Amino acid sequence: MLTRRHIRVKVMQSLYSMEQTQSDNLGKEEKFLLFSIDQMYELFIINLQLLIEIRKHAEDFLAKSQKKYLATSEEKNPNTKFINNEALLLLEKNIQLKTEIEKKKLNCWELDDEYVAILWKEIKESELYEDYMSTKLSSFREDKDFILDVFKEIIAPNDKLYEYIEDKKLTWIDDLPLVNTSIIKMLRKVKPSHDEQMILPKLYKDIDDKKFATDIFRKTTLNSVEFAKEIDGKTPNWDQDRIAELDKAIIKMAICEFVKFPSIPVKVTINEYLEIAKEYSTPKSSIFINGILDKISKEYQENGKLNKVGRGLM
C-alpha cells in the first residue's frame with residue numbers, strides 16, 4: 001500500500017519535527033516515525049469499516065421504517081438492493097478485516113455515528129443511488145461498480161468526513177489520498193469467489209520498504225551535520241539560516257540517497273524530492289532545491305563520491 005514517496009514524506013515530516021523540537025533522542029523519534037506510518041493503516045481500516053457501517057445504518061433505517069404505525073406500502077415492502085449489496089456484504093464478512101478492527105479496537109463509528117448518518121443521507125439522495133435502486137436485482141459487477149462510484153464521488157470528497165479525519169489525527173490528512181487510492185484499488189479487485197478470504201493489502205510492499213524508512217531516517221539524522229556542510233557554497237545568495245527547515249530536510253535526505261543508497265538512481269532521487277517539495281514546501285522551493293541537488297550530484301560524479309552500483313544509476 002505504501003509507496004516509496006509516501007515513506008519519504010513521512011521521514012521528511014519526522015526530520016522537520018525533530019528540528020523544531022530540538023530532539024536528539026533518535027530511538028524515540030524512530031519509534032514515533034514507525035507509529036505514524038502504522039497509523040495510516042488504521043485510517044485505511046476505518047474507511048473500510050465506514051462502508052460496512054453505512055450498510056448497517058441503511059438496514060436499520062429500513063427496519064425502523066417498516067415498523068412505523070402508518071408505514072406506506074413502499075416502507076412495508078422496501079427495495080433491499082442496497083443492504084443486500086454483495087460487495088458490501090463481502091467486506092462485512094471479511095475475516096482479516098474483522099481481525100484488524102478487533103485487534104486495533106477501532107470503534108470510532110460507534111462513538112461518532114452521526115458521520116455515518118450524514119453519508120447515508122447523501123448517498124440516499126444522490127442520482128447514483130436513484131439509478132442503482134431503479135431495479136430490485138443486480139449482478140455482482142453492478143454492486144461493485146456502484147460502491148466504487150459512491151466511494152469516489154460521495155464518501156472520499158465529503159467535507160464533513162474530511163474535517164472529522166483532520167480533527168481525529170492531523171497527519172491523516174496527508175495519508176488520505178493514498179489510503180483512498182488503496183481502497184479503490186482493492187475494491188476493483190474484489191471477486192465474488194473471494195468470499196471471506198478477500199485479502200487486504202499490506203502496509204509495506206515488502207521488508208525492504210520498511211527497512212528503507214528506518215535507514216533513510218537514521219542515516220540522514222546521523223549525517224545531518226556533514227550534509228549541512230555540503231549545502232554550504234551551493235547557495236551563493238543564501239546562507240543556511242535563510243533556507244527553510246523543510247527544504248533543508250528535503251536536501252539532506254536527497255544527499256543521503258546519493259551517497260548511502262547505492263541502488264537508487266540519482267534521477268529518481270532528484271525527481272522524487274522535487275515532487276515532494278512542490279506539494280509540501282513553498283512555490284519556488286522545487287526550483288531552488290533542483291539547483292542545489294544538480295550541483296551536488298555533478299560534483300559527486302566528478303570526484304567519484306556517488307556511491308551507485310549497476311548500469312544507468314548515475
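Small disclaimer: the values here were computed from a predicted structure and weren't measured. We use all heavy atoms of the structure for the numbers below, so side chains are in, but hydrogens, waters and symmetry mates are not.
Identified under the ring pair (Phe, Tyr, Trp, His ring centres under 6.0 Å) test for residues 30-55, with sequence neighbours left out: Tyr41-Phe44. Among residues at least two apart or in separate chains, salt bridge (charged side-chain N to carboxylate O under 4.0 Å, His left out) pairs with a member in residues 120-134 are Lys121-Glu125.
Listed by chain and number, the residues in a side chain to side chain contact (heavy atoms under 4.5 Å, CB included) with Tyr16 are Gln20, Glu245, Leu246 (sequence neighbours excluded). The ring-ring contact (aromatic ring centres under 6.0 Å, His included) check on Trp109 picks up Tyr164, with sequence neighbours excluded. When the side-chain hydrogen bond (donor to acceptor under 3.5 Å, both in side chains) test is applied to Glu142, the partners found at least two apart in sequence or on another chain are Lys81. Every residue meeting the side chain to side chain contact (heavy atoms under 4.5 Å, CB included) condition with Arg218, not counting sequence neighbours, appears here in chain and number order: Leu26, Glu30.
Nearest heavy atom pair, residue Leu274 against residue Ser286, reads CD2-O, 3.2 Å.
Taking the six-membered ring where the residue is Trp, the centroids of Trp172 and Tyr162 are separated by 6.0 Å or more.
No side-chain heavy atom of Ser14 sits less than 4.5 Å from a side-chain heavy atom of Glu29. Between Ile255 and Glu226, every side-chain heavy-atom pair lies at or beyond the 4.5 Å cut-off. Counting heavy atoms from C-beta outward, Ile101 and Leu48 have side chains that stay 4.5 Å or more apart.
In summary, of the residues considered (Arg55, Glu53, Glu110, Gln49), a side-chain contact (heavy atoms from CB on, under 4.5 Å) with Val116 occurs for Glu53 alone.
Taking CD1 of Ile147 as the start and CD1 of Ile123 as the end, the distance is 7.0 Å to the nearest 0.5 Å. With values rounded to the nearest 0.5 angstrom, Ile199 atom CD1 is found 7.0 Å from Gln96 atom CD.
Inspection of the Asn290 and Tyr273 side chains reveals no N or O donor paired with an N or O acceptor under 3.5 Å.
Using a cutoff of 4.0 Å between basic side-chain nitrogens and carboxylate oxygens, Glu230 and Lys305 are scored as salt-bridged.
The neighbour count for Ile207 CD1, taken as heavy atoms of other residues, nucleotides or ligands under 6.0 Å away, does not exceed 12.
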